[in-house]
Amino acid sequence: MKISQNRYLQFFCIAVILLALVRTIFPSVAESKVDEQGPVLEEQTEQAMPSEQIEQEEVAAAQVEQKDEQTEQNEEATEQPSASEQKEEAVVVKVEDKKPAKASDGLQKPSRFFNADGSVARHRIVSVPSYSDAFPDLQDVQILSANKWGVAPVQNRAEAESRKSELVYVGSNPYFFVEPLRQSIPYLVPRASVLLQDIGRNFFDSLQVKGLPLHKIIVTSVMRSKDDVARLRRGNVNATENSCHMYGTTFDIAYNRYLRVEETDSAYRKDRTASDVRLKQILSEVLNDMRKQGRCWVKYEVKQGCFHATVR
């Protein structure tokens, strides 16, 4: 029998209506049976498990908890030191407090001016074996550095004044005293000025560690102009025409005269005393160190009574 499309739709609608009526009249038909069976299954499982097995599991769980508690207590006991150990630590702390503090215990490095106990350090004067041997640098050696670091020679002081971008003024300061200049002008290249400043400061440091009163070194000659060299050669035929002083790299420091800091600059002592001999030895130590560091050339001038130094 062939069913038409219209007839199929009619049967389908009638079936849907009948199912809806059944759902409305008997709502329990659509309820799920899983939730109802869940508790039942659990109860059956509990009933199926023997009571002895349940008790064994509970006892095992209690033993595990007891072991965990004992482990925690042991760990706490190991972290806390015993009474005897606490006493030993207290004794060690008291002994350490009584120990005298050392210079190496702190952050401050040992000082060359003070001993470990805080007293002023005293160093002996070493000087040099021979002034001529320690400071042998002649004109031919010093002129090379003068040409390297110096400026072109100036004709006179007026020209030096106009070259202040290349030269710096050198005057008396806390570390050295520049005596009245008659055959030079108070200018140096910056490199030579720093060298002179360091010599004066190091001389101060050496005096302090050797326990002598502070004295300034006396600078007797600085930069010479061409006019200064010409006048000097008229009175001294041994004076060099191409002097290192013309380049602003060279200065002279007296070794037989010093200015004590307590005295005024205009009243420095001109007599040579035993104290001046020791000061000369200390100054030679400073210049010798500078020379070994490669910072300067030094010539020991016997007739002029000075150390003739050129920056390197």
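- Side-chain atoms of V298 and C296, non-hydrogen and from C-beta on, do get closer than 4.5 Å to each other.
- Under the 4.5 Å side-chain heavy-atom criterion for ILVMFWY residues, no single connected hydrophobic cluster contains both F251 and V194.
- Side-chain atoms of T220 and R257, non-hydrogen and from C-beta on, do get closer than 4.5 Å to each other.
- Across all their heavy atoms, D137 and R291 have their closest contact at OD2-NE, 2.8 Å.
- The residues D198 and R295 are annotated as salt-bridged, a charged nitrogen and a carboxylate oxygen being separated by less than 4.0 angstrom.
- Shortest non-hydrogen contact noted between C244 and T310 is CB-OG1, 4.1 Å.
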| query | Please walk me through it: do R157 and D227 pass salt bridge (charged side-chain N to carboxylate O under 4.0 Å, His left out)? | reply | CA-CA 9 Å; R157 180 161 185 159; D227 293 346; over 6 Å; no
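- Using a 4.5 Å heavy-atom cutoff, the side chains of N173 and Q197 are in contact.
- Salt bridge K210/E285: present, at least one basic N to carboxylate O contact under 4.0 Å.
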| task | Show the numbers, then the answer: is there a side-chain contact (heavy atoms from CB on, under 4.5 Å) between Q183 and R231? | result | CA-CA 8 Å; Q183 297 176 334; R231 286 194 298 270; over 6 Å; no
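- Q281 and S127 form no side-chain donor-acceptor contact under 3.5 Å, judged by distance and modelled atom types alone.
- Judged by distance alone, with hydrogens and angles left aside, the side-chain atoms of S225 form a donor-acceptor pair with the main-chain N or O of D228 at under 3.5 Å.
- With rounding to the nearest 0.5 Å, the separation of CD1 in I125 from NZ in K280 is 13.5 Å.
- Note on V261: it clusters hydrophobically with I217, by side-chain heavy-atom contacts below 4.5 Å among ILVMFWY residues.
- Within the hydrophobic cluster formed by Ile, Leu, Val, Met, Phe, Trp and Tyr side chains joined at under 4.5 Å, directly or through other members, I14 is accompanied by L18.
- By the 4.5 Å heavy-atom criterion applied to side chains, R260 and L214 are not counted as neighbours.
- R191 places a side-chain N or O within donor-acceptor distance of the main-chain N or O of R312, the cut-off being under 3.5 Å.
- Listed here is the closest heavy atom pair of Y131 and S284: CE2-CB, 3.7 Å.
- In this structure F307 satisfies the ring-ring contact (aromatic ring centres under 6.0 Å, His included) test together with F135, Y255, Y300, sequence neighbours excluded.
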| message | Determine whether V128 and L287 satisfy the following criterion, side-chain contact (heavy atoms from CB on, under 4.5 Å), listing intermediate values before the conclusion. | response | CA-CA 10 Å; V128 293; L287 292 175; over 6 Å; no
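- Taking hydrophobic clusters as Ile, Leu, Val, Met, Phe, Trp and Tyr residues chained together by side-chain heavy-atom distances below 4.5 Å, V229 does not share a cluster with L181.
- For the atom pair CG (D276) and NE2 (H215), the distance works out to 7.0 Å, reported to the nearest 0.5 Å.
- A side-chain contact (heavy atoms from CB on, under 4.5 Å) with V219 is found for exactly one of I199, V178, V170, D252, namely V178.
- Other residues, nucleotides and ligands place no more than 12 heavy atoms under 6.0 Å from the CD atom of E241.
- Residue Y187 belongs to a hydrophobic cluster whose other members are V151, V154, L167, Y169, I185, V189, M223, with links defined by side-chain heavy atoms closer than 4.5 Å.
- V209 is not connected to V126 by any chain of hydrophobic side-chain contacts under 4.5 Å among Ile, Leu, Val, Met, Phe, Trp and Tyr, and they are in different clusters.
- Annotation: the span from L279 atom CG to L207 atom CG amounts to 6.0 Å, rounded to 0.5 Å.
- In terms of modelled atom types and a separation under 3.5 Å, the side chain of R163 and the main chain of A152 share a donor-acceptor contact.
- With hydrophobic clusters built from ILVMFWY side chains whose heavy atoms lie under 4.5 angstrom apart, W149 does not share a cluster with M246.
- What you find for Q139 and S243 is that their closest heavy atoms are NE2-CA, 4.3 Å.
- Under the side chain to side chain donor-acceptor pair (under 3.5 Å) criterion, S145 pairs with W297, sequence neighbours left out.
- The number of heavy-atom neighbours closer than 6.0 Å to CZ of R201, taken from other residues, nucleotides and ligands shown, is above 12.
- Not one N or O on the side chain of Y247 forms a donor-acceptor pair closer than 3.5 Å with the backbone of L188.
- When all heavy atoms of S206 and I282 are compared, the pair lying nearest together is CB-CG2, 3.5 Å.
- Counting Ile, Leu, Val, Met, Phe, Trp and Tyr side chains that sit under 4.5 Å apart, directly or through other members, L21 shares a hydrophobic cluster with I17.
- The closest donor-acceptor contact from the side chain of H308 to the backbone of C306 lies at 3.5 Å or more, if one exists at all.
- Judged by a 6.0 Å distance limit and a 45° cone about the ring axis, K216 is not positioned over the six-membered ring of F203.
- Taking CZ of R182 as the reference point, atom OG of S221 lies at 12.0 Å (rounded to 0.5 Å).
- Between the OG1 atom in T240 and the NE2 atom in H245 there is a gap of 9.5 Å [rounded to 0.5 Å].
- Between E159 and P153, the shortest heavy-atom distance links the atoms OE2-O, 4.2 Å.
- Using a 4.5 Å cut-off between side-chain heavy atoms of Ile, Leu, Val, Met, Phe, Trp and Tyr, F12 falls into a hydrophobic cluster with V16.
- To the nearest 0.5 Å, atom CG of residue D289 and atom NZ of residue K292 are 7.0 Å apart.
- Residues L259 and F176 have side chains not in contact (no heavy-atom distance under 4.5 Å, counting atoms from C-beta outward).
- Using a distance-only test at 3.5 Å, with no hydrogens or angles considered, a donor-acceptor pair links the side chain of S184 to the main chain of V222.
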